[in-house]
A.B. asks: 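One structure follows; several queries about it will come next.
Quick caveat, the model's predicted, so the values are computed rather than measured. First the proteins, then the strands, lettered A, B, ... as listed; each starts at 1.
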2 protein chains.
Amino acid sequence: MAQPKYRQIASELRDQIVSGILREGDRLPPEPKLQEQYAASRNTVRDATALLLHEGLVYRVPGRGGGMVVRRRATLTFHAHRAEMPAQPVAETDAWRSEVVAQGYEASQDFSLMIRAVSSDLAERLHVEPDSVAVLRRCVRHINGQPSSLQDTYYPMDLAEDVRELLSPKDIPQGTTRLLAERGHEQVAYYDEYVSRMPTPEETNLLGLQPGTPILLHIRTGYTEHRPVRVSFNVLAGDRNQIVTTHGDVRIIAKFRPEEAPE
Amino acid sequence: MAQPKYRQIASELRDQIVSGILREGDRLPPEPKLQEQYAASRNTVRDATALLLHEGLVYRVPGRGGGMVVRRRATLTFHAHRAEMPAQPVAETDAWRSEVVAQGYEASQDFSLMIRAVSSDLAERLHVEPDSVAVLRRCVRHINGQPSSLQDTYYPMDLAEDVRELLSPKDIPQGTTRLLAERGHEQVAYYDEYVSRMPTPEETNLLGLQPGTPILLHIRTGYTEHRPVRVSFNVLAGDRNQIVTTHGDVRIIAKFRPEEAPE
DNA sequence: CAGTGGTCTAGACCACGCG
DNA sequence: GCGTGGTCTAGACCACTGG
């Protein structure tokens, strides 16, 4: 056997998915049917479908009326440049919500606040001592009631003491970026890191991820003229989100992508 | 059983990895040993280790002297803003190579050239007719002899007829961005999309990916003052790459991240 | 050769949830 | 109820590769 049997089965099913014979939301044949069709044991069939599962092509639904369902590829576009560019008077939280609504979904967010000792990674980005503490503002973002992304933003403690609102576990109406700017901490530069990796079990729970769903991690460090003032870890479910930014003259882009027009 | 046995086993092994008891490159106990330790059948042990495999924590090496090895987390940082920002006189290919070398690795690239009918996705980004053709320049990038990323760049056919070098299946020494600028097609704006997803089987082969390795996809559309002139699909192996960009005043960032200093 | 993981079989019992 | 996937067992043979 040049190709193991379970890969053969997976290939045929995969072809049916990518070619469109099976469409989003359709169900694969149930396991007993596949055992018949391919004269394979149940474990072999499961090895085959596990491949598709971890490729992110299908998910499994237990119980009668369930089965293996072809995943849909609906993605929310998240504009990382919109809300937070220097001199853009739009609050980032409202910007996120309005983006979601504009794309036809329903949005909600859960805030929480913690005081945390900074890890070495974080200390380096915030340029503070590794043993110091920082304010962590966590925002779990839901789309249509389903968790979609997780944003952890850290502020140095001395900054939070200067801008006390940061210590309140509530949404800041105008957005933290704007608030900081009003108090003389305007961010004028951003350092953005993008990483793709598999989720930790904690992230799997928080975001309700299916197996085979990677994470898009966006780490943004914001700088005033004098120093870094915050670091955001934005953890996005890879199957439901993408990030967009622009560089250069946005007006040119807007001519060809009307949805990018500045508001 | 609140927690299935295979998840229990996976949790204990995972804890040993994330806590550092098992370090990068270390081997997990072999399957027969795990069967003993946990009084489990081989399939159950394999279900457990399959979880770690798909979390990207370990990879499996067949054969004597092999085993399940804790993966290392070495990542190459790719500066998406460096080479291609308007008015930056650095060629992107040389920039990629010098970045790799600066980070202590060895770099090589394979070019190839194709003429392709444009898909609807691509047509939209390039703002051309869906049935027209485009030039595809593919560059497979290797680090230390191992494939690391794959870049497909599409140019509209009429542009390639104006700038004939694009039709040559060879590296363009000064880089295509610079070449285009010299011929009056200077790119002054970029539209960047970031996506995290599992690889297709083709990408798995091309990049030599282990199971549990997601893809970081960076799609960059470049615009002159008049229109989009190219689209690059940059497919990065998630376990070996991250992307960095900056917005705003780079000099401020350079004060705290010396490696970001403009060259 | 001997030990590693890779593949495959044939069965079993369970949890879930639609009809 | 009963069909779906979820978990688990016990065994088998194979391919690869270091010692």
Side-chain angles (χ1 to χ4, degrees), chain A residues 1-13 17 22 25-71 201 204-205 208-213, chain B residues 1-13 22 25-71 201 204-205 208-212:
Chain A
M1 222 176 296
Q3 184 83 320
K5 192 191 274 190
Y6 77 98
R7 288 187 185 276
Q8 203 62 45
I9 301 174
S11 291
E12 296 199 20
L13 294 173
I17 294 171
L22 289 168
D26 283 356
R27 289 164 61 212
L28 269 54
E31 290 176 355
K33 195 83 88 183
L34 292 174
Q35 292 181 53
E36 265 184 52
Q37 270 183 43
Y38 294 98
S41 74
R42 183 163 176 226
N43 277 345
T44 300
V45 165
R46 283 182 66 80
D47 283 350
T49 56
L51 269 187
L52 305 181
L53 187 72
H54 290 118
E55 283 169 16
L57 292 178
V58 305
Y59 60 93
R60 301 208 267 224
V61 181
R64 173 143 187 182
M68 285 166 293
V69 185
V70 179
R71 281 170 74 157
T204 301
N205 286 334
L209 300 178
Q210 294 287 338
T213 308
Chain B
M1 222 177 295
Q3 184 84 320
K5 192 190 273 189
Y6 77 99
R7 288 187 185 275
Q8 203 62 45
I9 300 175
S11 291
E12 296 199 19
L13 294 173
L22 289 168
D26 283 357
R27 288 162 63 212
L28 268 55
E31 290 177 355
K33 194 83 89 186
L34 292 173
Q35 293 182 51
E36 267 185 51
Q37 272 184 40
Y38 295 99
S41 74
R42 182 160 177 227
N43 279 344
T44 299
V45 165
R46 282 182 68 78
D47 283 350
T49 56
L51 269 188
L52 305 181
L53 188 70
H54 290 118
E55 284 169 17
L57 291 178
V58 303
Y59 59 93
R60 301 209 266 224
V61 181
R64 173 142 185 183
M68 284 165 292
V69 185
V70 179
R71 281 169 74 158
T204 300
N205 286 334
L209 300 178
Q210 294 286 340

A.B. asks: Can A/Leu28 and A/Val70 be said to form a side chain to side chain contact (heavy atoms under 4.5 Å, CB included), step by step?
C.D. replies: CA-CA 8 Å; A/Leu28 269 54; A/Val70 179; 4.0 Å; yes

A.B. asks: Are A/Tyr38 and A/Gln8 close enough that a side-chain donor and a side-chain acceptor fall under 3.5 Å?
C.D. replies: no

A.B. asks: Check B/Ala10 against B/Ala48 and note the closest heavy-atom contact, atom names and distance.
C.D. replies: CB-O, 3.7 Å

A.B. asks: Heavy-atom distance under 4.5 Å between the side chains of B/Gln35 and B/Ser41, does that happen here?
C.D. replies: no

A.B. asks: With sequence neighbours excluded, what pairs up with A/Arg60 under the salt bridge (Lys or Arg N to Asp or Glu O under 4.0 Å) test?
C.D. replies: none

A.B. asks: Walk along nucleotides 9-18 of chain C from 5' to 3' and tag each nucleotide B, S or - by protein heavy-atom contact under 4.0 Å, base first, then sugar-phosphate.
C.D. replies: BB-B---BBB

A.B. asks: Between the opening five pairs and the closing five pairs of the helix from C/dC1-D/dG18 to C/dC18-D/dG1, how far apart are the helix axes, to 10°?
C.D. replies: 0°

A.B. asks: Could you check how far CD of A/Gln3 sits from P of C/dG6, rounded to whole Å?
C.D. replies: 15 Å

A.B. asks: Of all heavy-atom pairs between A/Arg27 and A/Gly66, which one has the smallest distance, and what is that distance?
C.D. replies: NE-O, 2.7 Å

A.B. asks: How close do A/Ala40 and A/Lys5 get, counting heavy atoms only, and between which atoms?
C.D. replies: CB-CD, 3.9 Å

A.B. asks: Whole-Å distance between D/dT7 P and B/Tyr38 OH?
C.D. replies: 18 Å

A.B. asks: Go through residues 48-60 of chain A and report each residue with a non-hydrogen atom lying under 4.0 Å from DNA chain D, sorted by number.
C.D. replies: A/Arg60

A.B. asks: By a strict heavy-atom criterion of less than 4.0 Å, which residues belonging to residues 28-37 of chain A are in contact with DNA chain C?
C.D. replies: none

A.B. asks: Start with the C-alpha gap between A/Ile9 and A/Leu51, add the side-chain angles, then the distance that decides, and say whether side chain to side chain contact (heavy atoms under 4.5 Å, CB included) holds.
C.D. replies: CA-CA 10 Å; A/Ile9 301 174; A/Leu51 269 187; over 6 Å; no

A.B. asks: Please determine whether a side-chain nitrogen or oxygen atom of B/Arg46 lies at a distance below 4.0 Å from atom OP1 or OP2 of C/dG5.
C.D. replies: no

A.B. asks: Can you tell which of A/Ile17, A/Thr49, A/Leu13 makes a side-chain contact (heavy atoms from CB on, under 4.5 Å) with A/Val58?
C.D. replies: A/Ile17

A.B. asks: Can a donor-acceptor pair be found, under 3.5 Å and without considering hydrogens, that links the side chain of A/Ser11 to the backbone of A/Arg7?
C.D. replies: yes

A.B. asks: Kindly give the heavy-atom pair with the smallest separation between A/Thr44 and A/Tyr6, and that separation in Å.
C.D. replies: O-CB, 3.6 Å

A.B. asks: Name all residues meeting the salt bridge (Lys or Arg N to Asp or Glu O under 4.0 Å) criterion together with B/Glu31; count only those two or more places apart in sequence or in a different chain, and write none if there are none.
C.D. replies: B/Arg42, B/Arg46

A.B. asks: Please give me the minimum heavy-atom distance between A/Pro29 and A/Gln37, naming the atom from each residue.
C.D. replies: CG-NE2, 4.2 Å

